[in-house]
Amino acid sequence: MKDRPFALIGVNSDRDLEAIREIVKEKNLNWRSFQNQPEGATMAISKHWAVEGWPTLIVLDEELRIRHRSHNGQAASDLAVKLVEELEKKSARKD
């Protein structure tokens with residue numbers, strides 16, 4: 001979905017930042033990934049977002065409302081594609 005109004009963001013539960021960096025490099029991951037609860041954080045991202053298991057996929061719309069939360073990657077992908085298409089259509093009508 002390159003060059004489309006879409007962002008993929010990861011949250012990892014690993015505590016070893018160096019190990020995470022190695023995995024990102026090894027797997028050539030090209031999206032931003034945040035540590036679940038970095039040192040000094042008052043609350044873990046997973047707690048704030050009510051994550052009950054890994055991986056949990058959360059799809060937000062353009063107003064940052066949660067539209068999907070599950071462990072089903074295909075359902076999350078399908079909805080993300082649909083939302084991006086709707087956003088592109090809405091943007092095209094404004095032009």
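Hydrogens, waters and symmetry mates play no part in the numbers below; they use all other heavy atoms, side chains included. Computed from a predicted model, the values in this text were never measured in an experiment.
Remark: S70 engages H68 in a side-chain hydrogen bond (donor to acceptor under 3.5 Å, both in side chains) (not counting sequence neighbours). Under the rule for a salt bridge (Lys or Arg N to Asp or Glu O under 4.0 Å), the partners of E63 that lie at least two apart in sequence or sit in another chain are R65. Shown here are the salt bridge (Lys or Arg N to Asp or Glu O under 4.0 Å) partners of E22, two or more places apart in sequence or in another chain: there are none.
When the shell of 6.0 Å around NE2 of H48 is examined, it contains 12 or fewer heavy atoms from other residues, nucleotides or ligands. Within 6.0 Å of the CZ atom in R15, the count of heavy atoms belonging to other residues, nucleotides or ligands does not exceed 12.
In this structure, the separation between CG on D61 and CG on L87 is 9.5 Å, given to the nearest 0.5 Å. With rounding to the nearest 0.5 Å, the separation of CG in L29 from CD1 in I20 is 11.0 Å.
I58 and W54 end up in the same hydrophobic cluster when Ile, Leu, Val, Met, Phe, Trp and Tyr side chains are linked at under 4.5 Å. No single ILVMFWY cluster, assembled from side-chain heavy atoms under 4.5 Å apart, contains both I9 and L57.
Applying the salt bridge (Lys or Arg N to Asp or Glu O under 4.0 Å) rule to pairs touching residues 23-42 yields nothing, sequence neighbours excluded.
Under a 4.5 Å side-chain heavy-atom cut-off, the cluster of Ile, Leu, Val, Met, Phe, Trp and Tyr residues that includes V59 is completed by L79, L83. M43 shares a hydrophobic cluster with no other residue; no ILVMFWY side chain has heavy atoms under 4.5 Å from its own.
A pairwise comparison of heavy atoms in T56 and H71 identifies OG1-CE1, 3.2 Å as the closest pair.
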